[in-house]
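The structure under discussion appears below in the form of structure tokens.
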Amino acid sequence: MNKTKVTEYIENQLKKKKILLMTHIVCGYPDFETSYRIVEEMVKAGVDMMELQIPFSEPIADGPVILHANQKSLESGTTVKDCLDFARKVTSDFEIPFLFMSYYNILFKAGVDTFVKEMASRGLQGAIVPDLPPEEGSKYLSCMDEKGLSPVFIFTPNTSFERMKYIANLARGFVYCVARKGVTGLDTSFSDKLETYLQQCREAVQLPIALGFGVKDKSDVNFLIGKADIAIVGTQSIRVVEQQGLKALGPFIAGLRD
Amino acid sequence: MNKTKVTEYIENQLKKKKILLMTHIVCGYPDFETSYRIVEEMVKAGVDMMELQIPFSEPIADGPVILHANQKSLESGTTVKDCLDFARKVTSDFEIPFLFMSYYNILFKAGVDTFVKEMASRGLQGAIVPDLPPEEGSKYLSCMDEKGLSPVFIFTPNTSFERMKYIANLARGFVYCVARKGVTGLDTSFSDKLETYLQQCREAVQLPIALGFGVKDKSDVNFLIGKADIAIVGTQSIRVVEQQGLKALGPFIAGLRD
Amino acid sequence: MKNNENNENNQWGEPISSGTQVVGPYFGAYGGAFIPEILYSTIEELKEEFHKAKNDPAFWEEYKALMSNYSCRPTPLTYAERLTEHFKGAKIFIKREDLNHTGAHKANNVMGQGLLVKRMGKTRVIAETGAGQHGVATATMAARFGFDCTIYMGEVDVKRQRPNVFWMERLGATVVAVKEGTRILKDAINEAMRDWVSNMDSTHYVLGTACGPHPFPEMVSYFQSIIGIEARKQILQQHGALPARVYACVGGGSNAMGIFSGFFDDPVELVGVEAGGYGLSTGQHASRLSSNDSSIGVAQGYKTYFLQNHEGQMKETHSVSAGLDYVGVSPILANFKETGRVRFEAATDKEVIEALTLSIKKEGLIPALESAHAFVQAFKEAPELSADKAIIINQSGRGDKDIFTVADAYADPAWREFIIAKAEEYHE
Amino acid sequence: MKNNENNENNQWGEPISSGTQVVGPYFGAYGGAFIPEILYSTIEELKEEFHKAKNDPAFWEEYKALMSNYSCRPTPLTYAERLTEHFKGAKIFIKREDLNHTGAHKANNVMGQGLLVKRMGKTRVIAETGAGQHGVATATMAARFGFDCTIYMGEVDVKRQRPNVFWMERLGATVVAVKEGTRILKDAINEAMRDWVSNMDSTHYVLGTACGPHPFPEMVSYFQSIIGIEARKQILQQHGALPARVYACVGGGSNAMGIFSGFFDDPVELVGVEAGGYGLSTGQHASRLSSNDSSIGVAQGYKTYFLQNHEGQMKETHSVSAGLDYVGVSPILANFKETGRVRFEAATDKEVIEALTLSIKKEGLIPALESAHAFVQAFKEAPELSADKAIIINQSGRGDKDIFTVADAYADPAWREFIIAKAEEYHE
Ligand SMILES: Cc1ncc(COP(=O)(O)O)c(C=O)c1O
Ligand SMILES: Cc1ncc(COP(=O)(O)O)c(C=O)c1O
């Protein structure tokens, strides 16, 4: 198994930082100009990687905040094409790796190979597709491999060790460890149980592991140091922008790590 | 079979007139004072006999006009006792025979024997009870017989000749020949068919025969001369009072016969 | 009244066919035919046709086939496990007349009379209706058989039961709003009678319950007896023994006569439950056999207990359930009251809503408000009986038809908002 | 898929149990399980439990007993004599799923899943609902089994389907108004999925139709196959031969799969009828398999034809009938479209009201607006077939639940007055 660029990047960054930070935006929410400025703020504040979510009309794995952002973005006319263009822009302007996050239909409708090619040509480095289990994803896997992109797969507290190993075998880049049951945007308790779970994830896979769902402040991130390689902040940064404005975003992100 | 007073009276009157006239009021409609004045007008105009209807809450054989009168009378508080008192008054003040008309429950609730006694003591000479077929009326028949009152029974165009003869056997006073199907107050066509029917009625019974339901003007009454002994005017006189006032009643009644 | 166990083709037994208790014209002192003379030959024809049919085993087979192909007879007998656990007494079984086509036992009667109408060669049917259930059932039967149909319904009921009126009209019936009297059920009966005395040659009057002149009480009971015949077989199959008690609500008495018919000859206690309205002591109820407010009388063609004043004028009655809100009651049941064969109880409006709430929550069953009266009494008595005993409740109809009334009874604010919003939509 | 004719106890045959056409996860190119990883083990458990049940003959017997004691299976197959006369073509038979408890075929599915929930030892069920039929059915099942229950329903639907919400609440269910997306059925599905990924340990998601991730399409079809198994026996009994064609409406596809299941191996033409809305040419419809407006996609856990734009975003759909107003369709039917085993047609809103009017008037049957779509196509084709042929229409549900919609479709002024008067009463 060849290391993808994402894995290499993560391993390099980890030499400099105790834990990396990956954040998330919904493309075109509230508009593309703001999306760009959010990326800019985040990168300035030291984020290591970013997920760019292509909005979808049926986002079954997302909680209220991201769901709402999906919807608003679509209502304002966001297309997949817009998102690809946007990705082109941010991958050119900023140095960190960007991954697409979306639902499988977006890839499927475009044609998986076409879509992966487009991703590659836009400088994206991987994708997270929460409704595409590895069993259904062989075509996607081979296309991604071909382009050297990282198909990021998911572990959950419900995933058996055996299945983790099966998934590990197919995963590239890193593994997205979901902290708990449920959708994005709800509270997670950062506890011993979570630690045990992360140990198991670590044992199952040699790739870096990222922990997401419910990470929202410095203490959560601190908890994860040494247990995971990447802390994923999704909903919370959208909330910060919605509630306190764009200005608050930089300080929020910067304040997540010492 | 002894002749009742009613039969004798009819036979006597028929010596003087080609056809007798029986009219109808609903006691207490619109109030007892008016009821009295209606009786007075009718008698003055030459009516030969009268039906006094005791209002009942479920008058199944009556059409809209009489039904409405039943209801209004009850709503204004008319009781059976009031009707008996009213009957006492008119039988004292006027010479013609008066009969009660009502539904069986009024008699049944009072007790048939009690009720018949009360009728007799009030000077009434008979009764018409449209929901009491002879089969159900043996007690009523014997009580009426005992007091010399006339239980008037009904023939209809649906009644077989055989059944007419059965009814004839039990009937006293006269027989009420219903002109057609349906309830009171609708139009009747005075035709050959009606004549044939009346001939059959006449053959079935030796008592005088009265024709009712739909008799409303002089030509109807004229048609009946020689075919029936009594013309019964029910609904039409109520209509005249309702539409043209009490003053119109005398002329209307008087104008029914030459 | 015995099931013919030897007839192999006769899966669900035969109807009550003899037994002095349920053969008219008189049942003890009650019943008779107090009809205008004009109807004499019509009633004679009906009696004759009914008796021919009743004595013709093929007729009952035809009736059963119709009810199983068009409605869903046999209706199930459902064991109510969670209610049984709740009351910790007798096993509660529920006879599911709510599953009939059009949602109530009324279908049994109208479809049976429909077959008779065909035999008599008539082309038009009329009926009275209060809540509208019997009206919908009759209009449905008329549509199915291709008869003309007129339904008489008090003006007050037309106003409050619009959904049923809507369906009757779609079914092709003419619905006449009766503007006379108290403008409710009893006035609709009077008006139907007035139609019948005018049009008896072409028209059959499909009376909706086990009341009215002979042969209606007997005839309606005969058709409804299919309920009891099935229930008896089913309880023996499912429980292995007869029930201790059978409960049915009593409006006119047809569903009660129906289920009781299966058990007259058995050592089974039969309990009829009337509408207690605001409570027997308030006088605002429709309890003819379980209160002291009624007396024997003759009206609407028959003799029975009526809620009437001392001079024989009918009183106003009250019940949350339109189908039980009636002044008279089946003469057959009046007689069973006198002989003691049936015990009569009353359930108040309030108790009815409580029983409804419980049976919905515990069993997913929504009895009609009428039927819920039977549930009330069964729920009161179930705890008295030991767990090896069974009781049957007749669920005569389904309650979703009652949504306007039930929502009002629960004073559901969301329902009110919905109606208000809908009205605003219509104003625009 | 063959009925086991030798099993004497098995009066109504056995369910579809093999045959590559209806065994998942894939049906041709369609189906699959596109689910978030967190659900993997839950779905595995469900698959296992379902397959154990499916291979256990006692389970089907238990299921049939439940459906015959609690609902009224077998439901009748009604010969529609007057409709047949009207169209002067094939004999028209109607399978009466409207007589099920809660008024539609939805009961078959929910009660079956209820048995599985018991086997899995779960204590809570959730479901999506559009018109509210599946919500009421699920809440009913939950009440009967004693499960906690939450129903997800788009806010728009909650507002317009208040009667069903009212009953769900009485049944003890929590009804959640989904305020996201287009606030209709598909959004309710998404929201139910979100609940499931949070509570799968205690909770089973009772999907309402033959869609969603494997094993739902297969499982829902399995339970619904009871319709076809019965219908096949019944048509052979009543008509003495197989039908020429079988018609069913297609929303998600469960009632169609149900009745078609009886005839897959027979020379019988199967016709699925989708919602043509204002007409296929207007784009305002919900025709996934009979229009050219759809394309293959993956959403809500499975691959099938969706009404979506060229980038994969779901479109808004339209139908007079809430239960057919859905963007996706059973993957099993998508495959049958491809193999040609099933023909798909569309019926417009207008045609639906006409067919409804006719079946009410001619047979006294009130099909649900959904079911009336099947009637439309059958009525179009019946005259083409000779009188010795038979056709079956699946009447998936009863239409009295649709009164608010139907009254609006007929623009009935008396209904409007009634609602306005009621609203005034509430204002006081
Ligand atoms: C469901 C239901 N149950 C009971 C009744 C009362 O009638 P009966 O006493 O004749 O069964 C009615 C009358 O409308 C009804 O609709
Ligand atoms: C009566 C009825 N028929 C049909 C449908 C459509 O569903 P399906 O295609 O799964 O049978 C529904 C859905 O609510 C329904 O209520």
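To find a chain, count down the sequence lines: A is the first, B the second, and so on, and within it residues start at 1. Just so it is clear, the structure is predicted and the values come from calculations on it, not from any experiment.
Between the CD atom of A/Q71 and the NZ atom of D/K179 there is a distance of 13.0 Å, given to the nearest 0.5 Å. Of the inter-residue distances, the one linking D/M193 atom CE with A/D62 atom CG reads 14.0 Å to the nearest 0.5 angstrom. Summarising the geometry, atom OH belonging to D/Y26 is positioned 3.5 Å from atom CD belonging to A/E136; distances are rounded to the nearest 0.5 Å.
No side-chain heavy atom of A/T79 sits less than 4.5 Å from a side-chain heavy atom of D/H310. Considering only heavy atoms from C-beta on, D/K315 stays 4.5 Å or farther from A/S57 through its side chain. Proximity of A/E58 to D/V327: side-chain heavy atoms (C-beta onward) are nowhere separated by under 4.5 Å.
The part of A/E135 that comes within reach of chain D is its side chain, from C-beta onward, which places non-hydrogen atoms under 4.5 angstrom from that chain. Neither the backbone nor the side chain of A/L107 comes within contact range of chain D; no heavy atom of the residue lies under 4.5 Å from a heavy atom of that chain. In this structure, the portion of A/I167 lying under 4.5 Å from any heavy atom of chain D is its side chain and not its backbone. Contacts between A/R180 and chain D at a heavy-atom distance below 4.5 Å involve the backbone alone (N, CA, C, O). Residue D/F34 touches chain A through both its backbone and its side chain, counting heavy-atom pairs closer than 4.5 Å. Both the backbone and the side chain of A/P59 have a heavy atom closer than 4.5 Å to some heavy atom of chain D. For D/I296, the parts lying near chain A are the backbone and the side chain together; criterion is any non-hydrogen pair under 4.5 Å.
Nearest heavy-atom pair across A/L67 and D/R194 is CD1-NH2, 3.3 Å. Minimum interatomic distance between A/N105 and D/V298 (heavy atoms only, all atoms of both residues): OD1-N, 2.6 Å. Nearest approach of A/P133 to D/A33, heavy atoms of both residues: CG-O, 3.3 Å.
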*Does the side-chain contact (heavy atoms from CB on, under 4.5 Å) test come out yes or no for A/F108 and D/K303, once each step is laid out?*
CA-CA 10 Å; A/F108 179 82; D/K303 185 188 285 185; 3.7 Å; yes

*Please report the C-alpha distance between A/V178 and D/E37 in whole Å, then the side-chain angles of each, then the deciding distance to 0.1 Å, and finally whether the side-chain contact (heavy atoms from CB on, under 4.5 Å) criterion is met.*
CA-CA 9 Å; A/V178 164; D/E37 183 59 32; over 6 Å; no

*Apply side-chain contact (heavy atoms from CB on, under 4.5 Å) to D/Q313 and A/I106, showing your working.*
CA-CA 8 Å; D/Q313 309 291 358; A/I106 299 300; 3.7 Å; yes

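For residues 198-210 of chain D, a heavy-atom distance under 4.5 Å to chain A picks out D/S198, D/M200, D/D201, given by residue number.
By number of non-hydrogen pairs under 4.5 angstrom with chain A, the leading residue of D/A299, D/P25, D/G301, D/G181 is D/G181. The choice from A/V183, A/T159, A/D131 that makes the most heavy-atom pairs within less than 4.5 Å of chain D is A/D131.
Under the 3.5 Å distance criterion, the side-chain polar atoms of A/N158 are left unmatched by any main-chain donor or acceptor of D/S41. Side-chain atoms of D/E180 never come within 3.5 Å of backbone atoms of A/P64 as a donor-acceptor pair (strictly under, hydrogens ignored). Checked by atom type and distance alone, the side chain of D/N190 never pairs as donor or acceptor with a backbone atom of A/I60 at under 3.5 Å.
Ion pair D/E311/A/K81 not flagged as a salt bridge, since none of the NZ, NE, NH1 or NH2 atoms sits closer than 4.0 Å to an Asp/Glu carboxylate oxygen.
Shown here is D/E316, whose CD atom has no more than 12 heavy atoms of other residues, nucleotides or ligands within 6.0 Å. Environment of OH in A/Y166: crowded, with over 12 heavy atoms of neighbouring residues, nucleotides or ligands closer than 6.0 Å. For CD of A/Q206, the number of neighbouring non-hydrogen atoms (other residues, nucleotides, ligands) closer than 6.0 Å is 12 at most.
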